[in-house]
Every structure is written in structure tokens, then in C-alpha cells.
Amino acid sequence: MAVISLRLGFVARPYPRTSSGRFASSCRAVASAGGGPPRPITVSGDPPNVVSAPGRRIVAIGDVHGDLSQTRAALVLAGVLSAESDGHVWTGGRTVLVQVGDILDRGKDEIAILSLLSSLNVQAKSQGGAVFQVNGNHETMNVEGDFRYADQGGFDECIRFLEYLDECDGNWDDAFLSWVNVTERRKKEYRASPWNFVKKQKGFAARSLLFKRGGPLACELARHPVVLKVNDWIFCHGGLLPHHVEYGIERMNREVSTWMKSSGEDGDDETDIPFIATRGYDSVVWSRLYSQDSAERTRRALMLSSIIAEETLKSVEAKGMVVGHTPQIHGVNCKCDGKVWCVDVGMSYGVLYSRPEVLEIVNDRPRVLKKRRDSYDEMEVLDYL
């Protein structure tokens, strides 16, 4: 596979400039190339299983782990978010954005990121675009009540958000969608007090109330799948394997969603945690078969993972797979002979605090976008042929 790196003395602009000097989404160019606007986006399943988005530019973003600042930077880099720090305006036009999970844990702005993506989805739909999220292992862990990796600031955010929800008279939609716009102000207004036992207990109780099965944030997460097919591409957090396909993608998505939405108080077997999707080294949200560092694996293991990836993609009639879960020290890259793209770069301050990178797919051709210096005009664009 040839790799062309466009870094030799010129600036590659992945988006054409408008008269105002800002970048216009390249999906407009894709749309006009077909002689007219693309057909509407259609979504099958609840939560979504298959998305048909003819003529759309697709952008994939990896794990963000509660880091709102880095999330914003990645979205601006992708050309789907206004660069103004105090504004959260969708600028992606008909772009389809997919975030591949692990929004939760390790950071202090988890709810704000969930709020931001939901707000952008509302705006994107009005322009012919869309925003999709895929649940990762940290989403399922939190719904289970496993808060081992939750940041102290994350517990504080849960307390502040519940107070804000109360001020909104319990109107969930209003509070949730507007939270990203008020979160910084609420931080400043929040009385700073030592992180003592009482505050820790209050934070734990707030987080438990929001994320417990059947809780409001668990129900928000239940809207999203663990595996999503957009056009000819599969998006999941860990990795899709042949036995997952045999079990049924729609079935897995439905079972995880049902488990998250149900209270779990009746002990009904139908609401037990779906093991094949959420538990074990070879589950959809935990698998590292494709994303593990190649230097740590034998040649036989690399060949086997490539064969499995090819078999899986063939069975679901897909051309490629995009996964997160495993931080890539050298940035977004492809593995398994170009069949699998790994987009978790560890951008959160709670992980590697690396510079954001995103994967752009136009006409089934993927390329990596990354910021080179302080100017958003100067970017490194990697084309994989």
C-alpha cells in the first residue's frame, strides 16, 4: 500500500475557502460533482444499525475521554465546528460525523461533550448532515456503575448538571442540549471546596443517578449503537469480529440499548448485560485484535488479524472498518492491509494529551487530517492509496 504524505513545502487545504475566508465543507464539492444535491440520509434501526448517506463526506473522531477543549479542536480540524470558543455552530454542511466511543471517564467535561454532539446533530440534520455516536467500553462500564476511571472533575460535573437540571424545572431536553453552552460559567459559579468525603459521596450519588440503568444519561447512551454501518464503512469502538456478525449486529445494538434503558430491578434475563457486545477481550467494545501496536505482535498474528478483518468486512459487505479504543502513539493509521483504520490518538489530557487527528472519507477514499502548527490553514494531509 502506497502512502503519500503531503508535507513538502506547501499547505494542503482539505476544504475550499468561502468568500469570508473560512473553510467550506468539502462535502459541497462532492454533492455538486454529481450534478445536484445528494439524496437524503436514511437511517435503519433504533438505535441506528445502517445509515445510507449518498454523496456525503464522512469524518471519524476517536476517543475524547472528557476533554472538551480537545474535542472542540478535533471538530474544528474536521471542519464541522465553528472556531469561536464561545460558539458551538455546525459548519459541516452535509458532512456525516461519527464519534467512535469513549466520551466518558478520565476527563471533567463528559456531559458537556455529550451535549455538544447532540446539539451539533440537531443543527447538522437541518443542513442535510448528521452526527452519530458509537458506544465504547467506558460507556458500558459507567452504566454498570463502574466508576474506576472517572475523574474527580467528572463527579463535580454531575453535581453541577443536576443542579442545572433542577433550575430548568426538570426539562431534560432543554438542560441537556444547552449544557455545553453554560458549563464553563457554571464551573466558575460553583463554590470551590476541598474534595472531602462528603463531597465525594455527593459526586458518586449524582453520577450513579445519571448513569444507572434507566437513568437519564443511560437512556441518552441507549440511543446509540455499538456497531454502525455508514455507506460501505463499519464503525465500532473495539472491533467487529465474525462471531459478532453471526450473532447479529442489529440484535447486539438492540440488546445493549434495552439493557441501558431498563432499570434492572426485575432481574429479567432479557435485560441482562449483553456479554458478546460488552464483556470479554473479544467483545465489540473491548477487542484490540485490529488496533494493537504492530510492533508488539508476531507476523502470524498480524496475518491472522488481516484475514479475520477481510472475512468480517466481506460478510457485512463493507469496504473498511474504523475503530478506537487503543491509543495510537504515531497517530491515525491503517492496519490489516488497509482494511481497518485506528482513530484513537489519545487526545485527552487524561490519556496522552496528543494533538487531535481525524479521519476523513470522501468517495470511499480515506485520508488523515492533522493540525501542523497554530494556524488551522496549515495542515498535514495523508493520502492512503
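What's counted below: heavy atoms across the whole structure, side chains too, no hydrogens, waters or symmetry copies. Since the model is a prediction, treat every value here as computed from it, not as a measurement.
N135 is not listed as a side-chain neighbour of I103, based on a closest heavy-atom distance of 4.5 Å or more. Counting heavy atoms from C-beta on, the side chains of K335 and S294 come closer than 4.5 Å. Annotation: side chain of R288 is in contact with side chain of H325 (closest heavy-atom distance under 4.5 Å). For the pair R94 and P38, the minimum side-chain heavy-atom distance is below 4.5 Å. Between K229 and N49 there is no side-chain heavy-atom pair separated by less than 4.5 Å. In this structure, S348 and V64 have side chains that are not in contact, with every pair of non-hydrogen atoms separated by 4.5 Å or more. Contact annotation: the side chain of F211 never approaches that of E220 to less than 4.5 Å [non-hydrogen atoms, C-beta and beyond]. Taking the side chain as every heavy atom from C-beta outward, F132 and V43 approach each other to under 4.5 Å.
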inquiry  = Is there a side chain to side chain contact (heavy atoms under 4.5 Å, CB included) between R367 and I361? Walk through the geometry before answering.
reply    = CA-CA 6 Å; R367 63 178 184 174; I361 304 171; over 6 Å; no
request  = Kindly determine whether E189 and R185 satisfy salt bridge (Lys or Arg N to Asp or Glu O under 4.0 Å), including the steps that lead there.
outcome  = CA-CA 6 Å; E189 295 173 353; R185 174 171 58 83; 3.2 Å; yes
task = Before giving the answer on ring-ring contact (aromatic ring centres under 6.0 Å, His included), spell out for F275 and W259 the whole-Å C-alpha distance, their side-chain angles and the decisive distance to 0.1 Å.
result = CA-CA 11 Å; F275 191 92; W259 169 73; over 10 Å; no
inquiry  = Apply side chain to side chain contact (heavy atoms under 4.5 Å, CB included) to residues H244 and I249 and explain how you reach the verdict.
reply    = CA-CA 7 Å; H244 302 146; I249 293 175; 5.9 Å; no
inquiry  = For D282 and L289: C-alpha separation, side-chain torsions, deciding distance, then whether side chain to side chain contact (heavy atoms under 4.5 Å, CB included) applies.
reply    = CA-CA 8 Å; D282 62 349; L289 178 67; over 6 Å; no
ask   = Under the side chain to side chain contact (heavy atoms under 4.5 Å, CB included) criterion, do S118 and R223 qualify, and how do the steps go?
value = CA-CA 11 Å; S118 294; R223 297 173 183 265; over 6 Å; no
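Side-chain N or O atoms of D146 include one that pairs as donor or acceptor with a backbone N or O of R148 at under 3.5 Å. Under the 3.5 Å distance criterion, the side-chain polar atoms of E110 are left unmatched by any main-chain donor or acceptor of G66. Under the 3.5 Å distance criterion, the side-chain polar atoms of S287 are left unmatched by any main-chain donor or acceptor of S283. Using a distance-only test at 3.5 Å, with no hydrogens or angles considered, no donor-acceptor pair links the side chain of T95 to the main chain of I58. Judged purely by atom type and a 3.5 angstrom limit, R365 has no side-chain atom pairing as donor or acceptor with the backbone of N363. Here the side chain of E250 pairs no donor or acceptor atom with the backbone of P48 at under 3.5 angstrom. Side chain of D67 to backbone of S69: a donor-acceptor contact under 3.5 angstrom is found. Side-chain atoms of Q328 come within 3.5 Å of backbone N or O of T326 as a donor-acceptor pair. Looking at D344, its side chain does come within 3.5 Å of a backbone N or O of G346 through a donor-acceptor pair. R254 places no side-chain N or O within 3.5 Å of a backbone atom of D46 that could act as its donor or acceptor partner.
Note that NZ of K261 and CZ of R213 are 12.5 Å apart. Values are rounded to the nearest 0.5 Å. In this structure, CD1 in I111 is found 7.5 Å from CG in L162, a value given to the nearest 0.5 Å. How far CG of L104 is from CE of M141: 10.0 Å, rounded to the nearest 0.5 Å.
Ring centers of W286 and H237: at least 6.0 Å apart, outside the cut-off. Annotation: H138 is in aromatic contact with Y149 [ring centroid separation under 6.0 Å].
Cluster membership check: Y290 does not share its hydrophobic cluster with M303, using side-chain heavy-atom separations under 4.5 Å among Ile, Leu, Val, Met, Phe, Trp and Tyr. By the criterion of side-chain heavy atoms lying less than 4.5 angstrom apart, applied directly or through intervening Ile, Leu, Val, Met, Phe, Trp or Tyr residues, L209 is grouped together with F161 in one hydrophobic cluster. A single hydrophobic cluster is not seen to contain both I307 and L240; linkage of ILVMFWY side chains at heavy-atom distances under 4.5 Å, directly or through other members, places them apart. Residues L97 and V89 do not share a hydrophobic cluster, clusters being chains of Ile/Leu/Val/Met/Phe/Trp/Tyr side chains in contact below 4.5 Å. V80 and V122 fall into different hydrophobic clusters, where Ile, Leu, Val, Met, Phe, Trp and Tyr side chains are chained together by heavy-atom contacts under 4.5 Å.
Shown here for V343 and V100, the closest heavy-atom pair between the two residues is CG2-CG2, 3.7 Å. The two residues V368 and W341 come nearest to each other via the heavy atoms CG2-CZ3, 3.9 Å. In terms of heavy atoms, L81 sits closest to T91 at N-OG1, 3.1 Å. C236 approaches V284 most closely through the heavy-atom pair CB-CG1, 4.1 Å. Nearest heavy atom pair, residue I41 against residue A53, reads CG1-CB, 3.9 Å. Between V50 and L228, the closest heavy-atom pair is N-CD1, 4.4 Å.
Ion pairing of K339 with E311 is absent here, as no side-chain N (NZ or NE/NH1/NH2) approaches a carboxylate O to less than 4.0 Å. For R207 and D151, the salt-bridge test fails: no basic side-chain N is under 4.0 Å from an acidic carboxylate O. For K187 and D109, the salt-bridge test passes: some basic side-chain N is under 4.0 Å from an acidic carboxylate O. The pair E360-R57 meets the salt-bridge criterion, since a charged nitrogen lies less than 4.0 angstrom from a carboxylate oxygen. A salt bridge links E144 with R279: at least one charged nitrogen is closer than 4.0 Å to a carboxylate oxygen.
Within 6.0 Å of NE2 on H330 lie no more than 12 heavy atoms contributed by other residues, nucleotides or ligands.
Shown here are the side-chain hydrogen bond (donor to acceptor under 3.5 Å, both in side chains) partners of S115, two or more places apart in sequence or in another chain: there are none. Under the side-chain hydrogen bond (donor to acceptor under 3.5 Å, both in side chains) criterion, E139 pairs with no residue, sequence neighbours left out.
Checking each of E163, E157, E167 against R186 for a side chain to side chain donor-acceptor pair (under 3.5 Å) leaves exactly one that passes, namely E167.
Grouped with Y349 in one hydrophobic cluster are Y353, the linkage being side-chain heavy-atom contacts under 4.5 Å among Ile, Leu, Val, Met, Phe, Trp and Tyr residues. In the hydrophobic clustering, V198 connects to no other residue, as no ILVMFWY side-chain heavy atoms lie under 4.5 Å from its own. Taking Ile, Leu, Val, Met, Phe, Trp and Tyr as members and joining any whose side-chain heavy atoms lie under 4.5 Å apart, directly or through other members, the hydrophobic cluster of L352 also contains I329, V351.
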Give the table of side-chain donor-acceptor pairs shorter than 3.5 Å for residues 312-323, with sequence neighbours excluded, one pair per line with atom names and distance.
residue, atom, partner, partner atom, Å
T312, OG1, I308, O, 2.8
S315, OG, T312, O, 2.6
K319, NZ, D364, OD2, 2.8

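Side-chain polar atoms of S306 and D337 form a donor-acceptor pair below 3.5 angstrom. Side-chain contact, T278 with T140: no donor N or O sits under 3.5 Å from an acceptor N or O.
Note that R251 lies in the cation-pi zone of Y247, set by a 6.0 Å cut-off to the ring centre and a 45° limit from the axis.
The aromatic rings of Y164 and W179 lie tilted to each other, with the angle between the two planes from 30° to 60°.
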